[in-house]
Amino acid sequence: MIYFDWSELARGTEEIIPEAQVFDQFEAAAKGGEALTVKAGFDPTAPDLHLGHTVLLNKLRAFQDMGHTVVFLIGDFTGRIGDPTGKSATRKALSADEVAANAATYEAQIYKVLDAERTRVVFNTRWLDALSTSEVVRLAASHTVARMLERDDFDKRYRRGQAIAIHEFLYPLFQGYDSVALAADLEVGGSDQKFNLLVGRTLQQAYGQTPQGVLTMPLLEGLDGVEKMSKSLGNHIGIDEPPDEQFGKIMSISDTLMWRYYDLVSSQPVATVDQYRREVTEGANPRDYKLGLAEEVVARYHNKRASQAARQRFHERFAEHRFETDMEPTYIHVDREGLPIAALLNQAGLTKSNSEGMRLIKQGAVHVDDHRITDSRIVFSPSRELLVRVGKKRIARVVLTAGAI
RNA sequence: GGAGGGAUAGCCAAGCGGUCAACGGCAGCAGACUGUAAAUCUGCCGGCUCAGCCUUCGGGGGUUCGAAUCCUCCUCCCUCCA
């Protein structure tokens, strides 16, 4: 059963190109009862999915719910080139085994969002490896350098006098060819992919197909609220992370960023989110809505029970300032001279260097058994277990021993 | 083949002989406050036996009382001309 829901289809999108065509296409599909092919490409590396990826996955899921088929393309060929969008240069080719392993990891994760019944996973080496040189030339002939330079990042780099390697021009062409090989009706991607997706249209036309529709989603900002979410920047929330981590990280995003997350990662209906927005504008505490969002995310990637427990622990920790203290103690050997506090912190793994410890002591961040340490020269001798804390998040149990370890 | 530009702490980016452990922005950390790990304000943000000392500005060598700053060689990156 295929149905058509334009508001859900268009929800949160950056652009739909060309809007009228896509509208007609999906409306007609619903009438004719014929499922359309929705394509989205993914990198063969980085199999750790995070909330940023789910923006796209959520959209794909929406199409599945409407009855269409999603082609989950793993770009094992294009991955060797490396999309020039970032700074990445040519990547080294992954072995077939590595690709298979990464793909397995994908499959283990994507079905937390996608419907396995309506998902087809494909690899683009299948047709790109088979492409003859003359076919590559034909592809290359389909676009001019000027056209390539329309792409924003190419244009910028060119103007700034930064290098652009020839093979980087091939990337969009190959990605576009994927759409030809799949006879895609619609391609969904991040807004940074716009140019590549449009190349797909042009190529399909050149190969006598109906050009695919293009739908772009905004890039989700990471925890810092500035850079886009990515594992390498360390500002991500992984869907496999433990409940407490996920919960805490969502609570740490700014009030402003929260709305972005509501739009792009929450599955609350648009009307509900608008309602929340109004309530906050009228004076409701944004914290409560952030708690709700955190709970939704944890429930989705773990379960309801875990999300409630995470919420409870969050409350204990930050509202009541009770700390999680049931970790394994660290044993540290102390010799005759005793152990200076800064060294203690360092060896307990709470600080990166003694200097950092010294600074934190000066800032009043260090507590031992709930007493603030103000004297950086204090020295510890062997003792029973101590509870050592730096700031609100770093905490350790420490046992100072006299004998050899 | 020729000409030129560049390499600075997690990132971006100043500095062009001393006052530089190195302006500024972002990210990070801490304290205060609070409505949360939000917002705001303040401090920190190489290392150490920490009010003092030590090692840093692509790498080596040199000039100088003194260099991130000048010279030289090397490595890497980029642009332009052919």
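In what follows, chains are A, B, ... by sequence order, proteins preceding strands, each numbered from 1.
- Nucleotide B/C70 forms a pair with B/G62, judged by Watson-Crick or G-U wobble geometry with both contacts under 3.5 Å.
- Nearest nucleotide to the A/Met251 side chain, out of B/U36, B/G31, B/G28: B/U36.
- Under 3.5 Å, the side chain of A/Gln363 and the base of B/G43 form at least one donor-acceptor pair of N or O atoms.
- When each of B/A37, B/C48, B/G28 is scored by its nearest atom to the side-chain atoms of A/Asn354, the top-ranked nucleotide is B/C48.
- Relative to the side chain of A/Ala365, the nucleotides B/A30, B/U36, B/G28 differ in distance, and B/A30 lies closest.
- Checking A/Glu227 against A/Asn235 by side-chain atom types alone, no donor-acceptor pair falls below 3.5 Å.
- Taking the C1' atoms as reference points, B/C57 lies 10 Å from B/U69, given to the whole Å.
- B/G62 sits 32 Å from B/C78 when the P atoms are compared, rounded to a whole Å.
- Rounded to the nearest Å, the gap between the C1' atom of B/A32 and that of B/G59 is 47 Å.
- Distance from the side chain of A/Arg372 is smallest for B/G31 among the nucleotides B/U49, B/G28, B/G31.
- Distances from the side chain of A/Ser252 to the nucleotides B/A32, B/G35, B/A37 place B/A37 closest.
- When only modelled atom types and interatomic distance are considered, A/Gln193 and A/Gln175 share a side-chain donor-acceptor pair under 3.5 Å.
- Between A/Tyr106 and A/Phe72, the gap from one ring centroid to the other is short of 6.0 Å.
- The nearest whole Å value for the distance from the CD atom in A/Glu356 to the C1' atom in B/G10 is 14 Å.
- Here B/G28 sits opposite B/C44 as a Watson-Crick or G-U wobble pair (both hydrogen-bonding atom distances under 3.5 Å).
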Between A/Arg201 and A/Gln204, is the side-chain hydrogen bond (donor to acceptor under 3.5 Å, both in side chains) condition met? List the steps.
CA-CA 5 Å; A/Arg201 281 175 63 79; A/Gln204 281 177 307; over 6 Å; no
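- Looking only at atom types and distance, the side chain of A/Gln308 has no donor-acceptor partner in the side chain of A/Gln312 under 3.5 Å away.
- Among the heavy atoms of the strands lying under 4.0 Å from A/Ser353 are primed sugar atoms or P, OP1, OP2 only; no base atom is included.
- Of all nucleotides listed (B/C29, B/A38, B/C48), B/C29 comes nearest to the side chain of A/Leu360.
- A donor atom on one side chain and an acceptor atom on the other are not found under 3.5 Å apart for A/Glu135 and A/Tyr177.
- Salt bridge annotation for A/Arg260-A/Asp263: absent, with no cationic side-chain nitrogen under 4.0 angstrom from a carboxylate oxygen.
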Next on the checklist: Pair A/Trp6, A/Ile16 - check side-chain contact (heavy atoms from CB on, under 4.5 Å), show working.
Outcome noted: CA-CA 11 Å; A/Trp6 181 252; A/Ile16 298 177; 3.9 Å; yes
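- Between A/Ile361 atom CD1 and B/G43 atom C1' there is a gap of 16 Å when expressed in whole angstrom units.
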- Take A/Met327 and A/Ile395, measure what side-chain contact (heavy atoms from CB on, under 4.5 Å) needs, and give me the verdict at the end. CA-CA 9 Å; A/Met327 69 281 287; A/Ile395 192 156; 3.3 Å; yes
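- In this structure, A/Ile373 places its CD1 atom 14 Å from P of B/G31, rounding to the nearest Å.
- Rounded to an integer number of Å, the gap from CD1 of A/Ile341 to P of B/U49 is 13 Å.
- Residue A/Arg394 is in sugar-phosphate contact alone, with no base atom involved, counting any heavy-atom pair closer than 4.0 Å across all strands shown.
- Residue A/Ser355 places its side chain closer to B/G47 than to any other of B/U36, B/G31, B/G47.
- B/U63 sits 37 Å from B/U49 when the C1' atoms are compared, rounded to a whole Å.
- A cation-pi contact links A/Arg138 to A/Tyr207, judged by a cut-off of 6.0 Å to the six-membered ring centre and 45° from its axis.
- Ring centers of A/His68 and A/Phe26: under 6.0 Å apart, within the cut-off.
- Comparing the C1' positions of B/C12 and B/U8 gives a spacing of 12 Å, expressed to the nearest Å.
- Between the CE atom of A/Met358 and the P atom of B/G52 there is a distance of 13 Å, given to the nearest Å.
- Straight-line distance from the NZ atom of A/Lys362 to the C1' atom of B/C44: 10 Å, rounded to whole Å.
- Distance check on atom P: B/C16 versus B/C23 gives 14 Å, rounded to whole Å.
- On the C1' atoms, B/G4 is 35 Å away from B/U19, given to the nearest whole Å.
- Residue order along RNA chain B, read from the 5' end via each residue's closest nucleotide, puts A/Val226 first among A/Ala342 and A/Val226.
- Where A/Asn346 and A/Asp224 meet RNA chain B, the nucleotide closest to each residue was compared, and A/Asp224 sits on the side nearer the 5' end.
- In this structure, A/Leu257 atom CG and B/A39 atom P are separated by 10 Å, rounded to whole Å.
- Spacing of C1' atoms, B/C70 relative to B/G2, comes out at 27 Å, to the nearest Å.
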Given salt bridge (charged side-chain N to carboxylate O under 4.0 Å, His left out), test A/Glu14 with A/Lys194 step by step and report yes or no.
-> CA-CA 10 Å; A/Glu14 179 107 354; A/Lys194 179 175 168 183; over 6 Å; no
What nitrogen or oxygen pairs link the protein and nucleotides 21-23 of chain B at under 3.5 Å?
none

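- Using the Watson-Crick or G-U wobble rule with both distances under 3.5 Å, B/C33 pairs with nothing in any strand shown.
- Distances shown here put a side-chain N or O of A/Arg359 below 4.0 Å from the OP1 or OP2 atom of B/G47.
- Of the residues in residues 283-297 of chain A, those placing a heavy atom less than 4.0 Å from an atom of RNA chain B are A/Asn285, A/Pro286, A/Arg287, A/Lys290, in numerical order.
- Distance A/Arg311 CZ to B/U36 C1': 11 Å, rounded to the nearest Å.
- Pairing for B/A3 goes to B/U79, judged as Watson-Crick or G-U wobble with the two contacts each under 3.5 Å.
- In this model, the phosphate group of B/U36 is not approached by any side-chain N or O of A/Lys392 to a distance below 4.0 Å at OP1 or OP2.
- If you check every strand for non-hydrogen atoms under 4.0 Å, A/Gly391 touches sugar and phosphate atoms only.
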